[in-house]
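Lettering follows sequence order; numbering is per chain, from 1.
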Number of protein chains: 2
Amino acid sequence: MFSKTCQYAIKAVIYIHKQSLEGKKVGAKEIGQEIDAPDAFTAKILQVLVRQHVVGSFKGPTGGFYVDKSHEFKTLKDVVLAIDGDQLFQGCSLGLNQCSEQNPCPLHFEIVKVRSNIHYMLTSKSLKQLAEEVGDGSTVLARLA
Amino acid sequence: MFSKTCQYAIKAVIYIHKQSLEGKKVGAKEIGQEIDAPDAFTAKILQVLVRQHVVGSFKGPTGGFYVDKSHEFKTLKDVVLAIDGDQLFQGCSLGLNQCSEQNPCPLHFEIVKVRSNIHYMLTSKSLKQLAEEVGDGSTVLARLA
DNA sequence: ATCATAAAGGATAAAAGTATCCTTTATTAT
DNA sequence: ATAATAAAGGATACTTTTATCCTTTATGAT
């Protein structure tokens, strides 16, 4: 459903939100460790997320990744769009370049419901809410030690 | 959602069913052409589907791929399982190896509904029905010429 | 000013997914 | 029996995804 890169991205963004709740910026290395992802690769992913304005970054000592007011309406869907593109949400799920109501593929009308569910899953909770759930222990971003 | 290989597989299986409705076996080359897939690659995919008993095959002149009574309860879900494995249906969607009701990832409870929709999409219609829809022109497997 | 820190960016590599080609095996038609 | 046909299987190649490492740029602390 999500690429491995996108799974890392989702976890990274939630972790950044969690730390930003406490006003902390976090480095790529720390993020990688907290979400069980290779840190150099995590850094690459974060570059994309910064470019797409899903999170913010600051260089130098005391620098790191963070979110502020300007990111408050971003959702997991924006993360997925930034990393995996729109293939989960748009286009023919069987790869037809001509697929429409008039010329539907066998899954055309069914995929609509699935996509609507996916959309809901990725937009119904704010990233802040998701971060709070991790913060209070009701969900986790990695296996517990 | 589906790998490219799986998209080919889905279309191939529906096409085989469609031709089997008329008692025709079909070759890998013809299938490739009908579904806009490279035929050598299509042949490889069909090998897997045959091994998994999703379709049948017969060598030699008059040979080809077909389905009969023994395949009647196979669904698109079996095609997806044969090609992409169970990752759409099982396991943590964020890649955690420990993810459960007790230790849920942030998407754990939402993904259940999505998966239930996907399951429905891939099992509610028989492959025969899907083939009939292609047969009567209400759905298509490739762009029309 | 200098040094330490951390993100950004570039080059490269390993692994997985996608694709092609050629040989072998099974089956049918002659 | 022989030749033709079509799937099965093996080897190989190309592309994309995943991953690592090293250099450069920006910033803060001393």
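To the nearest angstrom, P of D:dT5 lies 11 Å from NZ of B:Lys29. Between the CG atom of A:Leu46 and the P atom of C:dG9 there is a distance of 13 Å, given to the nearest Å. Residue B:Gln7 contributes atom CD, which lies 13 Å from atom C1' of C:dG17 at whole-angstrom precision. Between the P atom of C:dA7 and the CD atom of A:Gln52 lies a distance of 19 Å, rounded to the nearest Å. Rounded to an integer number of Å, the gap from CG of B:Leu49 to C1' of D:dA7 is 14 Å. Atom-to-atom, NZ of A:Lys25 to C1' of D:dT27 comes out at 10 Å; the value is rounded to the nearest Å.
Counting non-hydrogen atoms under 4.0 angstrom, A:Val48 reaches nothing in the nucleic acid. Contacts of A:Ala28 with the nucleic acid, taken as non-hydrogen atoms under 4.0 Å apart, involve only primed sugar atoms and P, OP1 or OP2. At the heavy-atom level, B:Val26 lies under 4.0 Å from the strands shown only through sugar-phosphate atoms.
Toward the 5' end of DNA chain C, the nearer of the two residues A:Gly63 and A:Arg51, judged by each one's closest nucleotide, is A:Gly63.
With sequence neighbours left out, the ring pair (Phe, Tyr, Trp, His ring centres under 6.0 Å) criterion links A:Tyr8 to A:Phe41. For A:Asn97, the side-chain contact (heavy atoms from CB on, under 4.5 Å) partners at least two apart in sequence or on another chain are B:Arg143. For B:Lys113, the salt bridge (Lys or Arg N to Asp or Glu O under 4.0 Å) partners at least two apart in sequence or on another chain are B:Glu110. Under the side-chain contact (heavy atoms from CB on, under 4.5 Å) criterion, A:Ala9 pairs with A:Ile45, A:Leu49, A:Val79, A:Ile83, not counting sequence neighbours. Remark: B:Phe89 pairs with B:Lys77, B:Val80, B:Leu81, B:Ile118, B:Leu122 by the side-chain contact (heavy atoms from CB on, under 4.5 Å) rule, at least two apart or across chains. Not a single salt bridge (Lys or Arg N to Asp or Glu O under 4.0 Å) links A:Asp39 to another residue, sequence neighbours left out. Residues satisfying the salt bridge (Lys or Arg N to Asp or Glu O under 4.0 Å) criterion with B:Lys125, sequence neighbours excluded, are B:Glu133. The salt bridge (Lys or Arg N to Asp or Glu O under 4.0 Å) check on A:Lys59 picks up nothing, with sequence neighbours excluded. Partners of A:Glu72 according to the side-chain contact (heavy atoms from CB on, under 4.5 Å) rule, which considers only residues two or more places apart in sequence or in another chain, are A:Lys69.
For DNA chain C, no neighbouring residue in residues 71-83 of chain B is found when judged by any heavy atom under 4.0 Å. For the segment residues 30-37 of chain A, no residue has any heavy atom less than 4.0 angstrom from an atom of DNA chain C.
Here the side chain of B:Gln47 is nearest to one of D:dA8, C:dA8, D:dT27, namely D:dA8. Comparing atom distances between the A:Phe65 side chain and each of C:dA7, D:dA4, C:dT5 picks out C:dA7 as nearest.
Within 6.0 Å of NZ in A:Lys128 there are 12 or fewer heavy atoms belonging to other residues, nucleotides or ligands.
Between the side chain of B:Asp78 and the backbone N or O of B:Thr75 there is at least one donor-acceptor pair closer than 3.5 Å. Side chain of A:Ser20 to backbone of A:Val67: a donor-acceptor contact under 3.5 angstrom is found.
Put simply, B:Ser57 has no side-chain N or O that comes within less than 4.0 Å of OP1 or OP2 on D:dA6.
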Given protein heavy atoms under 4.0 Å, the one-letter contact record of nucleotides 11-24 of chain D, with B base, S sugar-phosphate only and - none, is simply B------SBB----

